[in-house]
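Scroll down for the structure; my scribbles are underneath it.
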Amino acid sequence: MVRRTAFVDADHIRERLVSLIRVPSVTGEEDAAVAQIANWLQQVDAEIDYWNDGIAALQRDPRYPGHEVDRAWAPVVVGVLRGEQPGPSVLLTGHVDVVPPGEYSHWREEPFSGLTRGDRVFGCGASDMKSGLIAAMAAFEAFAESGRNFPGRIIFAAVPAEEDSGLGTLAAIRGGWHADAAIIPEPTVTSDMPELVIAHAGAMSLRVAVPGKAAHASRRLDGESALDHFLTVYRAMREHEKAVNAVEDHPLMRLHGLPYAINVGTIHGGQWSSSVMDSIEAQVRVGVSLHETIDEAEARFREAILTGIADDPWLHDHPPVIQRLASGFGSAETPRDHPLVQALAESAEEELRRPPVIAAAPYGCDMSAWVRLAGVPTVLYGPGEIGCAHAPNESVSLEATYHVARTLVRTIERLLEQDPATLRGNATPGTPAHMS
């Protein structure tokens, strides 16, 4: 019997990871990274589907989640390995885009250096989630190089725009791609704490504009400070955040101190230091619970703000304007007893000699699109630490990346022996696409 885990090579993983980190792929500028992955897929003789889904077409789709970063298209590449017998389809997928690195002075090294120091590789996207992509590709290549004597098919998809609402995964689903089970190697596995994430919160971005009334600063009381009134709105946000989290009853989500956070990420206002601020505009991230849709979450946020400002005379007559910017696809969950969860848990324990912690995540990700739009049971399991993501000096463990790749190989082997109907049986109803 072929030991496919033997085809996972640690040096190859390191070289690929360094190479991919050195290709800057800030959200909206992912073309070069997707092209690099397409080139690697060609080298293992995979069937390839490589296309750009135009932003205009995506915006016309009724499932369009919004977007914040200007772009003309979403580049997607999909590779396929077909086995010699019929069987299920297993999808490995991840996003190539990274958030901007911020001030370079906060980094010890250049953000896209791919510097290796001991077991760690440093760079923007190292943890979220270029190491996960490389681990998934190493698992994909292990099947390509060890022969096609397996049932079913293995699909690898690299998508853009996860950091900006999930347009890339919508493009992949629009392209007809579907599977019986999916694994997204988002950062969940460190050297001392492997986690298998089966549920996650959703998130949406809203623009909240609070009006004021300008006046000369020396006659401040003649005006209405938008800043003062924004603070009233902000207090209403905080009270609402407490209320939403206080009633959470999901046992895994309750382990987080704040599973559904509300965060003011940017704020802009005023024209001049000698003028009373006449407007403030904030961009706000609102968590979406496992028990609601995006629309329901937006509706309860709006209601909470209006209730919270009811006693403010100015805001009663001049309420804030709330506009959705981007929403992703909400929260998602795959049942704990699903065969996908069991197969991955068994494979991780076999690889690491200890079982992974079954967990839920307080952040949004592409899992929700696969679950909600395509009806594909999906989990998160990949190298890296979420606490290291979106931060200067982001890094990842090479050892963890290697072990994840081997765990994915073991998991795929288990899943390919399953009846496709069994894998699909516990999927959340969606609008699945099909690709033969």
Side-chain angles (χ1 to χ4, degrees), residues 12-13 15-53 58 69 71 73-81 89-99 123-144 153-179 182-187 365-367 369-370 374 376 378 380-384 396 401 404-405 408 412 433 435:
H12 187 60
I13 285 174
E15 291 167 4
R16 283 278 175 86
L17 178 55
V18 169
S19 178
L20 192 58
I21 289 172
R22 287 177 175 173
V23 180
S25 54
V26 171
T27 301
E29 302 172 2
E30 307 99 337
D31 298 70
V34 173
Q36 175 69 279
I37 290 171
N39 180 55
W40 288 336
L41 290 170
Q42 287 179 323
Q43 293 175 18
V44 296
D45 198 28
E47 299 175 32
I48 295 177
D49 190 7
Y50 184 11
W51 77 100
N52 290 312
D53 203 347
L58 285 162
V69 176
R71 63 168 68 240
W73 54 74
V76 182
V77 64
V78 177
V80 182
L81 299 174
S89 296
V90 178
L91 169 67
L92 305 175
T93 181
H95 64 89
V96 303
D97 61 315
V98 303
V99 299
C124 194
S127 191
D128 182 19
M129 59 171 290
K130 290 189 174 181
S131 57
L133 277 169
I134 294 303
M137 178 162 281
F140 184 86
E141 290 175 337
F143 282 84
R153 62 179 185 162
I154 305 163
I155 306 166
F156 177 94
V159 301
E162 190 268 355
E163 302 290 0
D164 183 22
S165 81
L167 277 179
T169 290
L170 175 59
I173 293 170
R174 280 166 46 82
W177 291 101
H178 183 252
I183 302 169
I184 304 177
E186 288 276 8
C365 65
D366 281 341
M367 173 177 165
W370 291 108
V376 179
T378 306
L380 309 180
Y381 188 84
V396 72
T401 306
V404 166
L408 293 177
I412 294 167
M435 178 67 74

Residues in side chain to side chain donor-acceptor pair (under 3.5 Å) contact with [X], at least two apart in sequence or another chain:
| X | answer |
| --- | --- |
| T169 | D366 |
| D97 | T27, H95 |
| E30 | R71 |
| S25 | K130 |

Separation of [Y] [atom2] from [X] [atom1] (nearest 0.5 Å):
| X | Y | atom1 | atom2 | value |
| --- | --- | --- | --- | --- |
| W370 | I173 | CH2 | CD1 | 4.5 Å |
| Q36 | L41 | CD | CG | 10.5 Å |
| I155 | D49 | CD1 | CG | 10.5 Å |
| M367 | I183 | CE | CD1 | 11.5 Å |
| I48 | Q42 | CD1 | CD | 4.5 Å |

Please determine whether side-chain contact (heavy atoms from CB on, under 4.5 Å) holds for the pair L408 and F140, giving the CA-CA distance in whole Å, both sets of side-chain angles, and the decisive distance to 0.1 Å.
CA-CA 9 Å; L408 293 177; F140 184 86; over 6 Å; no
Partners of A157 by side-chain contact (heavy atoms from CB on, under 4.5 Å), sequence neighbours excluded?
V78, L91, T93
According to the salt bridge (charged side-chain N to carboxylate O under 4.0 Å, His left out) rule, which pairs have a member within residues 32-47, sequence neighbours left out?
E47-R82
Within the side chain of S131, is there an N or O that forms a donor-acceptor pair under 3.5 Å with the backbone of A126?
yes
For W177 and V80, what are the C-alpha separation, side-chain angles and deciding distance, and is it a side-chain contact (heavy atoms from CB on, under 4.5 Å)?
CA-CA 11 Å; W177 291 101; V80 182; 3.5 Å; yes
Verify side-chain contact (heavy atoms from CB on, under 4.5 Å) between F143 and V90, making sure each step is shown before the conclusion.
CA-CA 12 Å; F143 282 84; V90 178; over 6 Å; no
Just one of I37, V34, V76 clears the side-chain contact (heavy atoms from CB on, under 4.5 Å) bar with Y50, so which one?
V34
Worked check of side-chain contact (heavy atoms from CB on, under 4.5 Å) between E141 and H12
CA-CA 11 Å; E141 290 175 337; H12 187 60; 3.3 Å; yes
